[in-house]
Protein chains: 2
Amino acid sequence: MRDVQDVFAGFLEKRGLSLTRQRREILGVFLDAKRHLTVEGVYNIAKKKVVRAGYTTVFRTMKLLREAGIAKEVNLGGKIVKYERRYGHEHHDHLVCLECGSFVEALDPEIEKLQNKLCNKFDFTPRRHRMEIFGTCRRCRRRKHKP
Amino acid sequence: MRDVQDVFAGFLEKRGLSLTRQRREILGVFLDAKRHLTVEGVYNIAKKKVVRAGYTTVFRTMKLLREAGIAKEVNLGGKIVKYERRYGHEHHDHLVCLECGSFVEALDPEIEKLQNKLCNKFDFTPRRHRMEIFGTCRRCRRRKHKP
DNA sequence: CTTTTTTTGAATTTGAATTTCAATTTCAAT
DNA sequence: ATTGAAATTGAAATTCAAATTCAAAAAAAG
Ligand SMILES: [Mn+2]
Ligand SMILES: [Mn+2]
Ligand SMILES: [Zn+2]
Ligand SMILES: [Zn+2]
């Protein structure tokens with residue numbers, strides 16, 4: 001995606017930072033990956049690239065991507081931080097399988113509406129939210145019932 | 001609350017563990033505290049008590065309380081784990097203020113219903129969920145507009 | 001080219017969570 | 001009361017991802 005690179009370049013410029021080769025490649029790795037990635041995960045892919053990047057640089061770049069609105073921290077259960085795309089990937093919630101760790105991304109406009117209504121009731125101004133449902137996915141349920 | 005003590009005693013018995021003075025006092029500290037507490041927070045209160053308890057014992061007891069269904073881990077933003085009462089404190093979601101860190105506990109039965117509906121759509125069996133809305137509380141909004 | 005500033009990444013530090021293990025306590029059997 | 005096995009405790013050690021440090025390398029400015 002061309003314009004994500006542009007967004008990052010713009011962000012860096014505004015901050016007086018430069019778009020180095022490492023930063024460009026780390027963004028590339030992150031965008032190419034489909035699933036949610038840990039810093040370590042990004043690092044493992046990045047170190048095989050033409051321009052290798054150290055763990056620290058990946059760590060710092062993920063932070064920049066977060067600040068630029070390109071990446072988003074997610075925390076599906078465990079304590080390790082994962083990142084997912086944010087730019088060009090609308091807000092959504094997660095249904096996380098407790099058996100296999102897989103997850104589905106879902107969005108229910110009705111729920112989102114009611115969330116705002118709930119905030120009104122408490123005179124609360126919402127900025128962002130997080131909703132995760134933990135349970136058993138279809139495949140795991142089947143695996144249990146007819147093995 | 002008498003019956004929480006009983007629940008804990010029952011749980012410990014089932015596990016072949018005994019209700020020691022430390023465990024009883026740690027539970028007492030936890031129940032007396034209104035707000036969500038970290039292990040460190042429980043420890044700080046506990047160490048002033050008649051029967052002092054070490055950090056490790058508090059840590060392990062909080063784990064037992066969790067397994068007994070008396071305590072529940074919550075994670076409102078930051079990375080440190082907090083515990084809140086679970087027994088006699090029905091499921092609820094949180095509206096967390098990003099300015100002052102305060103929060104409101106709320107429950108919307110409509111949302112809960114739609115969550116189940118959403119799960120049906122994905123053939124997903126829900127077990128538990130977590131929903132947190134981050135934003136600005138009434139007081140903080142006022143503080144900003146007319147200081 | 002020379003100087004200044006930024007960036008990088010190996011190494012170190014941090015901090016909460018968790019484990020280890022020797023000392024202590026509990027408790028049932030002599 | 002005495003013994004001893006089993007459970008409990010808690011100070012200390014360990015773990016491990018997150019965050020920081022700092023000297024070398026690279027880039028930008030002059
Ligand atoms: Mn996602
Ligand atoms: Mn709560
Ligand atoms: Zn599954
Ligand atoms: Zn507030």
Side-chain angles (χ1 to χ4, degrees), chain A residues 8-9 11-30 36-68 71-84 101, chain B residues 8-30 36-68 71-84:
Chain A
F8 193 36
F11 166 82
L12 290 172
E13 185 161 18
K14 215 180 301 170
R15 291 262 290 241
L17 303 172
S18 38
L19 180 52
T20 62
R21 275 175 280 176
Q22 282 88 338
R23 286 176 179 155
R24 188 168 26 244
E25 289 218 351
I26 289 164
L27 173 55
V29 166
F30 177 61
H36 297 189
L37 285 181
T38 60
V39 171
E40 175 109 27
V42 176
Y43 167 68
N44 284 330
I45 306 175
K47 77 177 166 192
K48 291 171 195 153
K49 284 270 186 170
V50 192
V51 176
R52 282 153 184 259
Y55 181 89
T56 313
T57 302
V58 173
F59 171 78
R60 279 188 288 227
T61 302
M62 292 314 295
K63 205 169 159 186
L64 290 173
L65 291 178
R66 180 155 48 77
E67 289 163 14
K72 180 174 161 45
E73 281 191 6
V74 279
N75 218 232
L76 272 36
K79 58 258 114 204
I80 63 290
V81 177
K82 290 186 176 160
Y83 290 93
E84 69 170 0
Chain B
F8 194 35
F11 166 82
L12 291 172
E13 185 162 17
K14 215 179 302 170
R15 291 261 289 239
L17 303 173
S18 37
L19 179 51
T20 62
R21 275 174 280 176
Q22 284 88 338
R23 286 176 180 156
R24 189 169 23 246
E25 289 218 351
I26 289 165
L27 173 55
V29 166
F30 177 62
H36 296 189
L37 285 182
T38 60
V39 171
E40 174 110 27
V42 176
Y43 167 68
N44 284 331
I45 305 175
K47 77 177 167 193
K48 291 170 196 153
K49 284 270 186 170
V50 192
V51 177
R52 282 150 185 263
Y55 181 90
T56 313
T57 303
V58 173
F59 170 76
R60 280 188 288 228
T61 302
M62 293 314 294
K63 204 169 160 185
L64 290 173
L65 292 177
R66 179 155 48 75
E67 287 162 14
K72 180 175 161 45
E73 281 190 8
V74 280
N75 218 233
L76 272 38
K79 57 258 115 202
I80 63 291
V81 177
K82 289 186 175 158
Y83 289 93
E84 69 171 1

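All chains are named by letter (A, B, ...) in the order of the sequence lines, taking the proteins before the strands, and each is independently numbered beginning at 1.
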> Quick one: A:M62 CE to D:dA17 C1', roughly how many Å, whole number?
Replying inline: 15 Å
Check nucleotides 11-16 of chain C against the protein and report each pair of N or O atoms closer than 3.5 Å, with its distance, or say if there are none.
none

>> Output the rounded distance in Å from CZ (B:R24) to C1' (D:dT8).
In response: 14 Å
> Whole Å only: how far is the CZ atom of A:F59 from the C1' atom of D:dC16?
Replying inline: 14 Å
> Which nucleotide, in any strand shown, forms a Watson-Crick or G-U wobble pair with D:dT8, with both distances under 3.5 Å?
Replying inline: C:dA23
> Checking all strands, does B:R23 fall into the base, sugar-phosphate, or nothing category for heavy-atom contacts under 4.0 angstrom?
Replying inline: sugar-phosphate
> Is any N or O donor-acceptor pair between the side chain of B:R52 and the base of D:dG10 shorter than 3.5 Å?
Replying inline: no
>> Between C1' on C:dT25 and CG on B:L19, what's the gap in Å once rounded to a whole number?
In response: 15 Å
> So among A:K72, A:E84, A:K82, which one has a side-chain hydrogen bond (donor to acceptor under 3.5 Å, both in side chains) with A:H36?
Replying inline: A:E84
> Closest nucleotide of DNA chain C for B:S18 versus for B:K63: which of these residues is on the 5' side?
Replying inline: B:K63
> Should C:dT30 form a Watson-Crick or G-U wobble pair with both distances under 3.5 Å, which nucleotide is its partner?
Replying inline: D:dA1
> Do the side chain of A:R23 and the main chain of A:T61 share a donor and acceptor less than 3.5 angstrom apart?
Replying inline: no
> How far apart are the closest heavy atoms of B:Y43 and B:A53, and which atoms are they?
Replying inline: CE1-O, 3.3 Å
> Applying a 3.5 Å limit to both distances, which nucleotide forms a Watson-Crick or G-U wobble pair with C:dT8?
Replying inline: D:dA23
